[in-house]
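Written below as structure tokens is the structure these notes are about.
Please read these numbers as outputs of a predicted model, since none were measured by experiment. These values consider heavy atoms only, across backbone and side chains, with no hydrogens, waters or symmetry-generated copies.
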Amino acid sequence: MYVALCIALPDACGERFVRYIQIVNYLEGLNDAQKRAVLAKDGPISVLAGAGSGKTRVLTTRIYHLVREGVPADQILAVTFTNKAAREMRGRVRSLLGAEESAPRSGADGDPSTTATPLPFVATFHGLGRELLEKYGNVIGVPRFFSVYDRDDSEKAIAVALKALDIETKELSPRAVLGRISRAKGEGMRASEFYEKHARTGFGGRIVAEVWLRYEKALAAGKALDFDDLIALPVRLLQEHADVRALAQDRWRYIHIDEYQDTNALQGKLATMLAAKHKNLFVVGDIDQTIYTWRGATIENLLEFDKKYPESQTIILERNYRSTKNLVDAANSVIEKNKNRKEKYSTTEQAAGEPIVVHMARSAEDESRWIALKIRELIKKGVKPEEVAILFRTNFQSRALEEGLLRAGVPYKLLGTHFFSRKEVKDTLAWIRLAMEPSREVDKLRAAASPSRGIGKVTLGKLAAGQRSLLRAGELSKVEQFELVITELSQAAAFLTPSAFVRLVIEKSGMRRALFEEGSAEDRERFENVEEIASVAARHDHIPGKEGIAAFLAESALAGDQDEMDHPSTRSGQGAEKTGVTLMTVHAAKGLEFNTVFVSGMEEGLFPHQGMGNDKDRDEEEERRLFYVAMTRAKERLFLTLARIRKIYGIDTAAEPSSFLADIDNALMLYDETEGHDIFF
């Protein structure tokens, strides 16, 4: 009677009971294909999941089902590609398992590994790599508390190596060298192997080989790894040490990999080695959303999964729960032109919805004005700004789009300027890393100058060279005061929570005084970013001391574009707000959804983009997949815009409509001839 009453009147019962009823019925609402995926337990399984098909629900529900079937939660691993996706999946799993948010936890990306109630390990690939290296990396010489170089740190270290070799960065850019090293690491190559292979192959190969050797020495001196090491080193660890491989395989008997189409060769190898003993590898992906081959992702990992595992099951999720029927039909008509895919046709039970609106403007500026006008109209009708996204193929397009939104007074946030890449944030992180490892010369240089305390590079150079006795009395006094602060912070790091430690760093370093108390209005705005670091660090407050601080530093180094949505850089004609229309590249939008989406620059040569490589057929298919991703971000409305004339590299260039537009049935589109020209001015 009580149960029946609570089902009829859930508000009359406790929250715990309502959650119990929801969990008992955890299979309700799943379609047949989703249920098959959730209930399939043992062996290799591939799930081909179309856009908006509820794959995250399938993954999390399957993990819950495994626990109900008696699989210990801490023997379950789930890997995805962004910190944001990992946090969302972790939250859903915790909710299903009834774990309290206040429960102690540890692990990669703040993920639980050992708690009062054991929980699955949910992380990004890089977070998984970090976990393996922290637990077992000592056998290949990886220090327990290593730091992680972000791309900016790596480029600076490579620039130093180039300078030491008397190579101008105009001749060979640090970014280009890092890209070549990254590709080689992605293929499993070591610096010494690369040197042997390329040292005599010409100027470029020889320089990259020399730089890589110096770069490795710089990483070792700073007790640091880079992004690529977080995959390459765990693979090497498992290959070379059978005992560690056996421990890892028995730790995680059931392995789930999300976005499997985006894995590269090394990530695929890592997943294969972890699953080799128990064969319980559950992969989810969509070949039609493979858009990262330029980063090394290999479509073959998913495309040939059933060949690698002949005993595997394949389950296809085709029902779209996100978008209207018009949008689903249009996306189908675009992607079905690709040949290198597995047959899949999305369906939906949603209403037809609004037609896709296509608008051709006279110029990029007129295009941005028209978009801003439409968004302003939608906001007046009740659409929230944060439910709107403007997507673009290349970064240069953002300038005109920003200008239009600013002049129209439409609030917005631009993804791409990473929160963790801002100067004041990197300055603070340098202080934190220095407190963790006082011998880090790169961080010492940065911290000594931020805020300024009268210690120059020459002085620090003398210290690094062991020439302390050559310092003048004034220099020595400043150095000793600086070192005293570092010592105090280093001691405090051993027992403070990460957020409390960050607050102490802000005070002791002089950041508060320099930016907030004595700084300009702009400095005070920058100080808000510094304060926000403590909020991010608080995610790891359940792990006090250096372990928690190390976990926070790793998260900051591994943050990606979508993590910027938690730290928006918002600009507006109406002042700085914490919400607004989202501007981002199509690549950055993958995995997200919005009520309304504008895709700008629908011009031949821009989208599809030209000159992406030598394999023209594959490039064309990847561009088509990218457009498919853009279309399927929209739930209710999709606007496709283009310009007749676009200024590219300072030259007015006549544009032709994108060939992708011809793939969409005219019955699904509405051509809007309204001009955005001179509407606001």
Side-chain angles (χ1 to χ4, degrees), residues 81-82 124-126 129 148-165 167-199 201-219 222 224-233 235-236 262-269 290-299 393-396 416-418 420-421 426 442 557-561 585-588 590 609-615 618-619 622-623 626:
F81 267 79
T82 67
T124 62
F125 259 108
H126 290 97
V148 180
Y149 271 23
D150 62 19
R151 297 298 183 193
D152 186 51
D153 292 330
S154 294
E155 286 184 22
K156 286 182 177 177
I158 286 171
V160 170
L162 285 169
K163 185 177 181 181
L165 294 170
I167 304 296
E168 292 289 335
T169 54
K170 292 179 181 178
E171 287 183 75
L172 197 59
S173 75
R175 177 169 295 185
V177 174
L178 178 61
R180 191 159 179 189
I181 293 172
S182 180
R183 286 193 297 275
K185 285 189 177 184
E187 295 167 1
M189 192 175 289
R190 304 187 192 191
S192 57
E193 295 168 340
F194 188 90
Y195 185 87
E196 289 177 10
K197 184 176 180 180
H198 294 283
T201 59
F203 176 78
R206 185 178 74 254
I207 293 303
V208 172
E210 291 278 2
V211 167
W212 191 353
L213 291 174
R214 290 172 180 266
Y215 175 53
E216 289 298 312
K217 289 179 181 177
L219 287 170
L225 307 177
D226 66 14
F227 283 143
D228 301 300
D229 290 331
L230 294 179
I231 307 298
L233 292 181
V235 168
R236 187 187 309 168
D262 288 334
T263 52
N264 62 27
L266 269 187
Q267 290 164 338
K269 186 177 290 187
T290 304
I291 60 174
Y292 289 116
T293 60
W294 52 279
R295 284 185 183 174
T298 172
I299 195 171
R393 176 61 184 83
T394 59
N395 282 304
F396 81 83
T417 304
H418 294 310
F420 291 109
S421 293
K426 289 184 74 68
V442 173
L558 300 178
D561 285 346
T585 63
V586 181
H587 283 98
K590 187 169 176 293
H609 200 266
Q610 64 183 6
M612 290 207 35
N614 296 321
D615 188 348
R618 174 60 61 85
D619 290 341
E622 179 141 347
E623 285 295 297
L626 192 58

Report task. Indicate yes or no for a side-chain donor-acceptor contact from Gln267 to the backbone of Asn264 under 3.5 Å, with no hydrogens or angles considered. Result -> yes
- Test Leu162 against Ile207 for side-chain contact (heavy atoms from CB on, under 4.5 Å), laying out the working first. CA-CA 8 Å; Leu162 285 169; Ile207 293 303; 3.9 Å; yes
Should Val586 and Ile291 count as side-chain neighbours, where that means a heavy-atom distance under 4.5 Å?
no
Practice problem: Go through the steps for Leu626 and Arg393 under the test side-chain contact (heavy atoms from CB on, under 4.5 Å), then give the verdict. | Solution: CA-CA 9 Å; Leu626 192 58; Arg393 176 61 184 83; 3.3 Å; yes
Sequence neighbours excluded, the answer for side-chain contact (heavy atoms from CB on, under 4.5 Å) partners of Ala191 is Trp212, Leu213, Glu216
OH of Tyr195 to CD of Glu210, rounded to nearest 0.5 Å, is 4.5 Å
Heavy atoms of Met189 and Glu193 approach each other most closely as CA-OE1, 3.5 Å
Across all chains, not counting sequence neighbours, the side-chain contact (heavy atoms from CB on, under 4.5 Å) partners of Arg151 are Leu178, Ser182, Phe227, Asp228
Between Lys590 and Asp262, is there a side-chain heavy-atom distance shorter than 4.5 Å?
yes
Contacts of Arg236 meeting side-chain contact (heavy atoms from CB on, under 4.5 Å) (sequence neighbours excluded), chain-then-number -> Arg190, Leu233, Glu240
Val235 and Leu266 have their tightest heavy-atom pair at CG2-O, 3.7 Å
message = Run Lys426 and Asp150 through side-chain contact (heavy atoms from CB on, under 4.5 Å) and show every step you take.
response = CA-CA 10 Å; Lys426 289 184 74 68; Asp150 62 19; 2.9 Å; yes
Lys156 meets the salt bridge (Lys or Arg N to Asp or Glu O under 4.0 Å) criterion, sequence neighbours left out, with Asp152
To the nearest 0.5 Å, atom CD1 of Ile299 lies from atom OG1 of Thr263 at 10.5 Å
In this structure, CD1 of Ile158 is separated from CD1 of Ile181 (nearest 0.5 Å) by 4.0 Å
* His609 (side chain) donor-acceptor with Glu623 (main chain) under 3.5 angstrom -> no
Contacts of Thr394 meeting side chain to side chain donor-acceptor pair (under 3.5 Å) (sequence neighbours excluded), chain-then-number -> Gln397
Residues passing the side chain to side chain donor-acceptor pair (under 3.5 Å) test with Ser154, sequence neighbours excluded, are Tyr215
What one should report as the nearest heavy-atom pair of Ala164 and Arg214 is CB-NH1, 3.6 Å
All heavy atoms of Arg180 vs all of Phe194, minimum pair found to be NE-CZ, 3.9 Å
Applying side-chain contact (heavy atoms from CB on, under 4.5 Å) to Ala224 and not counting sequence neighbours gives Ser147, Tyr149, Leu219, Arg440
Closest non-hydrogen contact found for Val211 with Ala161 is CG1-CB, 3.9 Å
